[in-house]
Amino acid sequence: MAQRETWTSRAGFIFAAVGSAVGLGNIWSFPFQTASNGGAAFLVVYLLAVFLIGFPTMLIEFTIGRRSKQNAVSAFAELGYGDWTFAGAIGVFASFITLAFYSVVGGWVISYIVGSVTGAYLGDAGAYFGSVSSGLVAVGAHAVFIAVTIGIVAFGVADGIERATKFMIPAILVLLVGLAAWASTLPGAGAGYSYYLSPDFSVIASNFADIVPAAMGQAFFTLSLGFGVMIAYASYLGRDDSLPGDSAIIVVLNTIVALLAGFAVFPILAATSGVGDASGGAGTAFIALAGAFGQLPAGQIIGLVFFVVLLFAALSSSISLLEAPTSYVVDSQGMERRTVAIGIGAVAFVLGIAPAYGYVGLFNDLVFNVLLPVAVLFIALFVGWVANREAVDELGRGSSIGEGATTIWLWWVRIVVPIAVIVTLYLGVTSFYTGLTTGAYF
Ligand code: TRP
């Protein structure tokens, strides 16, 4: 029997996981959520969500994956708890729904690549966003983005893209550091920093019901948690890797990329259109960054490089979002891979027409407020209360953390994570439902 493949190096695994985590979530969604939810008040809750809930949740997925050596759907049965398969299936469903709107935002990135070449956004960055973010242009760009994603998954050339992402992450870091440094010199940058960094705790209290689900959803989304991908990635891990160590590196790197995006976006916003609770919206990052490229010397070229890099980061995510439902159907129905990838991609394309006509918020909140918390709640209950002996044993392997830390983690997963997620779900579902009935999404 051939041995199951494992990552050739620890760095290989970390790169793949960071590649999954870093994407539009960091550069588009994070500034968007922060700007829409009170700035620094959101940032505080978000950082708590990442480190107190996201980090232990990543360990939940890692223990399930490495223990079972299976993908998210087969993992539960492999461990002897087939009844829990639905928990993995929710993640696969979340991947599919996410793909539909992720591809629309990926389409925006394509439009900004075109805009960098033609110079179309240089004059009025806000107007350009308005013209490409919804309507036929958005549908067309979404079609191109998803077609490329389907092509890569159907023809199994994802390896090349994966390899490319190794260069993309350092490139994104360098570009963001450069942009943030330049942005710091702008007149009025100070107002941006204070909106981004000095929390007004009364805002947290008064907007608790909006901030908590947005921050928790963003934490899960950006760390790719609740989708089952981290289960699948960890299934290829060797037994002597330290799960807490790897997880800490992934969480910190991903957070650095998001924070840097904020350090670029907020001073630019402050210097151009102004920051404040009205400045939020799905266009936040695109308008701010394109506005900056409009003012920079050689801005068109820098913009082109930036959006091409962002496109690769987005593609590496969308491939994995399509891969999850595709391999599920291929494995369970025994259908041909190419047909399945094209079929699922086509359905995601049709579904994505809605966000391409302005319903990004609806899809975003369905995933952030409902699907991800539900998926995380079930895997936390599973690991905390059902497969806890296996999980604790797995967590201890290859790591130097002691029994004390493992026990704290277990109780954290049993009690704290479920309570936090249930509160999130209550608030998130309520606000989603209110949005549906009051027409806020429509
Ligand atoms: N974390 C990615 C981002 O921030 C998005 C994402 C969510 C993802 N789930 C995923 C990427 C699954 C790959 C696989 O953009």
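Just follow the structure's listing: the first ligand is 1, and inside any ligand the first atom is 1.
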| said: Would you call the rings of Trp84 and Phe378 parallel, tilted or perpendicular, taking 30° and 60° as the class edges? | reply: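 Ring orientation, 0 to 90° scale: perpendicular.
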* Charged N to carboxylate O under 4.0 angstrom, Glu390 versus Arg67? ->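 Not counted as a salt bridge, because no side-chain N and carboxylate O are separated by less than 4.0 Å.
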Heavy-atom proximity to atom 3 (C) of ligand 1 ranks first, among Ala258, Ala232, Ala21, for Ala21
Among Ala17, Ser20, Gly23, the residue with a heavy atom nearest to atom 2 (C) of ligand 1 is Ser20
In the structure I gave you, are the side-chain heavy atoms of Tyr102 and Ile146 within less than 4.5 Å of one another anywhere?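 A side-chain contact is absent here, since even the closest heavy-atom pair is not under 4.5 Å.
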[X]-ligand 1 polar pair, N/O distance under 3.5 Å:
{"X": "Gly25", "result": "yes"}
{"X": "Ser224", "result": "yes"}
{"X": "Thr222", "result": "yes"}
{"X": "Leu24", "result": "yes"}
{"X": "Val229", "result": "no"}

Q. Would you say the side-chain atoms of Trp412 pair up with the backbone N or O of Leu52, donor to acceptor, closer than 3.5 Å?
A.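 Yes.
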Taking the six-membered ring for Trp, are the ring centroids of Phe129 and Tyr121 within less than 6.0 Å of each other?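 Ring-ring flag for Phe129/Tyr121: false, centres at least 6.0 Å apart.
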Query - Ser318 side chain to Thr149 side chain, donor-acceptor N/O pair below 3.5 angstrom - result: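 The answer is yes; a qualifying pair exists.
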Return yes when Thr98 approaches ligand 1 closer than 4.0 angstrom through a heavy atom, no otherwise.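 False for this residue.
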